[in-house]
There are 2 protein chains.
Amino acid sequence: MNEPRVPRLKDVAAEAGVSVSAASKILRGDVGRFGEETCRRVVATAERLGWRRNLLVSSIQSGRTMTVGVMIPPYDSFWVKVLSGIHHRLGEADYLPITIWQGDLDHMPHFEADEQEGLRQINRLLDRRVDALIMWPTFAVAYRRHISDLAERSVPVVVIDYEPDEPICDTVGTNEALAAKTVAKHLLDLGHRRIACISSRESQSQTWALERREEFERAVEVQSDAEVRSWRLNREGTNGVEVATELLTSDFRPTAVFAVTDHEARHVYDAAAALGMSIPSDLSVIGFADLDFAAGLAPPLSTVRQRPREIGVEAASLVLQRLDGTVSGPFTKAKIEADVILRESTAPADQ
Amino acid sequence: MNEPRVPRLKDVAAEAGVSVSAASKILRGDVGRFGEETCRRVVATAERLGWRRNLLVSSIQSGRTMTVGVMIPPYDSFWVKVLSGIHHRLGEADYLPITIWQGDLDHMPHFEADEQEGLRQINRLLDRRVDALIMWPTFAVAYRRHISDLAERSVPVVVIDYEPDEPICDTVGTNEALAAKTVAKHLLDLGHRRIACISSRESQSQTWALERREEFERAVEVQSDAEVRSWRLNREGTNGVEVATELLTSDFRPTAVFAVTDHEARHVYDAAAALGMSIPSDLSVIGFADLDFAAGLAPPLSTVRQRPREIGVEAASLVLQRLDGTVSGPFTKAKIEADVILRESTAPADQ
DNA sequence: CTGAAAGCGCTTACAG
DNA sequence: CTGAAAGCGCTTACAG
């Protein structure tokens, strides 16, 4: 077998007629006082043989792999953009993200069920000595304990869109409070006074859903003659249309609905259509997330667009700062602004 | 600084009172003839100290990193599912994909422009000694030459959805011919006889677009009284609606349109709406890809659903087989079937 | 100006 | 039954 081997540094050194340590130094640009001619020869030889530094070796020696483990599935366009931001920022710094997502994309993965599987995933990354970890909320919730362990091994962790009462690591999220307030103001300004809120399951890992709804309720109630009522989907999030129907046919008779997510807004659309209500003349609807389908709904959905790419970039930046020591000490809570996108699903309330 | 170090094997060995080589063997389960008591003690100590094997070291020693470089951006839901399949299959085999996607997701990346950037990306993966590479067509086209170099270094490469005339590596794609034929048959069965095809830019990296169109044309022409004509977008793919309008207002007056992609189908929807034509009564439309938005269009778009997850799984399987030697020799062309999904955008031709 | 030695964290023959 | 030595592919003090 003459399997074409990847050339070694010693091959380059031999060819160029220098010692291995000389070759090593020269090729790293640490020219020292080596002869100009020698340097040229070594560099040329390396190029000719197609030699490339073995980063695994550097990693072992320096204790830094320049990789970051990323535990975020591309669950929807929001998370894909977050991932894109992470890749972008990390790439700039010559770090490489290593993303892990087992399981299929159709069901939002929950690890409460299979503790072992998640642990296996963390360990696969750790065994490859990633310098840090970025994860999404579901994961963080399931592995709170381990995140603290990681801190002890000085592996910084950043979690996105998750804000437990007592912080366990750095977090990056959307400025939910401000966004919810702006949405409330928009609906109030249009004259709506009976406003419903439809929320998702608000599990432990969805602190944003909770915050979004609560801030929204608070902001509506500032207007003394306005009333707000909230409905929530079941644990599995499977009864969206039923809940939306219930909400629309309740004696509350809302003229506007704020959906904590575009997913729920879509359920409201479906329920309204089935009930023969038309949007926005009978009912204003506003969502959150500006998911792929939002602009394509009929009518196009007004919604709040987060800045997932910025969120990803910020998460990566935080990780890098922890790694180079620029940031140290107490955990950071980064908040990225969101933009209210007005389309055609909101209109003035009937007088 | 008493930075909490990751424990080393020698720490475990010292604590357990055995030599490093003994600890190494025992912890890899190569119990040899070590005393049962000794084994238990070593394993317990490792667990207590939280020792984990450093995979970087194993990689250097074995020459295998158990990682596969993946150069596929999550450009749309199709590619996300391909990625998901790759992750799934690779994970099963205890391999880890390392995905690289610089650049933003809004523009399909082209590397024709920046040769250096793409090379840098390949090298970032190679420097980390990935065992193999999986890439998407755009990339493969731009780096044909390098793919051959890789083969020489015995780094297997699998390209998805790309089939040049002379193969340069293993490929996985959809059975375009059969799918196109089935679509043609569907439209002919509905009585359509003037059928248009709207195709994307058909660049070098879109061999599938070419194949899809050609096979479709051929399949329509089998029916002697039927006629097919094709239109194509410009190089940048930016004039979709114009081309669709042109097609619909041409003297050819097609009663059905096959769009090589759902993207183009959407353009046909937009053009038809602007012209006051209604789908499917005035015009049948069928797309390809079943992208996220297809089912949400009004009316829901009939289309062809590929099996991106299967494609991803197959690509990963091929890579694994090349790596373990199960497959060797000439390049493989794997073809995954596609399913025609009938929704409401196709109807019988007016009599 | 340049090289020999020790080391990174392990594993793999080889000796005893 | 167990350990000392050499090695994976490099880099980093240290000597000369």
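All chains are named by letter (A, B, ...) in the order of the sequence lines, taking the proteins before the strands, and each is independently numbered beginning at 1.
Atoms CG (A:Leu55) and C1' (C:dC8) sit 15 Å apart, rounded to a whole Å. Nucleotide D:dC10 holds its C1' atom 12 Å from the CG atom of A:Leu27, rounded to whole Å. Atom CZ of A:Arg128 and atom P of C:dC10 are 15 Å apart (whole Å). Following rounding to the nearest Å, A:Asp127 (CG) and C:dC10 (P) show an atom-to-atom distance of 11 Å. As rounded to whole Å, 18 Å separates atom P of D:dG7 from atom CD1 of A:Ile60. Atom CG in B:Leu56 sits about 12 Å away from atom P in C:dT11, given to the nearest Å. One can place CZ of A:Arg64 at 18 Å from P of D:dT11, the figure rounded to the nearest angstrom. Atom NZ of A:Lys10 and atom C1' of D:dT11 are 16 Å apart (whole Å).
A salt bridge links B:Asp94 with A:Arg124: the closest approach of a Lys/Arg side-chain nitrogen to an acidic carboxylate oxygen falls below 4.0 angstrom. Taking 4.0 Å as the cut-off between side-chain N and carboxylate O, B:Glu314 and B:Arg89 do not count as a salt-bridged pair.
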Start with the C-alpha distance between A:Ser84 and A:Arg309, add both sets of side-chain angles, then the distance that settles side chain to side chain donor-acceptor pair (under 3.5 Å), and finish with yes or no. CA-CA 6 Å; A:Ser84 161; A:Arg309 197 159 206 275; 3.1 Å; yes
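Residues forming a salt bridge (charged side-chain N to carboxylate O under 4.0 Å, His left out) with B:Asp127 (at least two apart in sequence, or on another chain): A:Arg52.
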In dot-bracket form, how is DNA chain C paired, counting a Watson-Crick or G-U wobble pair only if both its distances are under 3.5 Å and using | for bases paired to another strand? |||.||||||||.|||
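Considering every non-hydrogen atom in both A:Arg53 and A:Ser58, the closest pair reads CD-OG, 3.8 Å. The two atoms that bring A:Leu125 and A:Gly69 nearest to each other are CD1-CA, 4.0 Å, heavy atoms only. The shortest non-hydrogen separation linking B:Val319 to B:Ile134 is CG2-CG1, 3.7 Å. For the residue pair B:Ser59 and B:Thr65, the shortest heavy atom distance occurs at OG-CA, 3.4 Å.
For the side-chain contact (heavy atoms from CB on, under 4.5 Å) with A:Phe331, the lone residue among A:Asp170, A:Thr171, A:Val158, A:Leu318 that qualifies is A:Asp170.
Along DNA chain D, the nucleotide nearest B:Thr38 and the nucleotide nearest A:Val57 are compared for position; the residue whose nucleotide lies closer to the 5' end is B:Thr38.
The side chain of B:Arg28 places no N or O atom within less than 4.0 Å of a non-bridging phosphate oxygen (OP1 or OP2) of C:dC10. Put simply, B:Arg53 has no side-chain N or O that comes within less than 4.0 Å of OP1 or OP2 on C:dC10.
Going from the P atom of D:dA4 to that of C:dG7 covers 16 Å, rounded to whole Å. Between the C1' atoms of C:dT11 and D:dT2, the separation comes to 16 Å (whole Å). Nucleotides C:dC1 and D:dT12, compared at atom P, are 22 Å apart to the nearest Å.
Of the candidate nucleotides D:dC10, D:dT2, C:dC10, C:dC10 has the atom lying nearest to any side-chain atom of B:Asn54.
The aromatic rings of A:Tyr75 and A:Trp136 are tilted relative to each other, their planes meeting at an angle between 30° and 60°.
Remark: A:Val20, A:Ser21, A:Ser24, A:Lys25 in residues 15-25 of chain A come within less than 4.0 Å of DNA chain D through at least one heavy atom.
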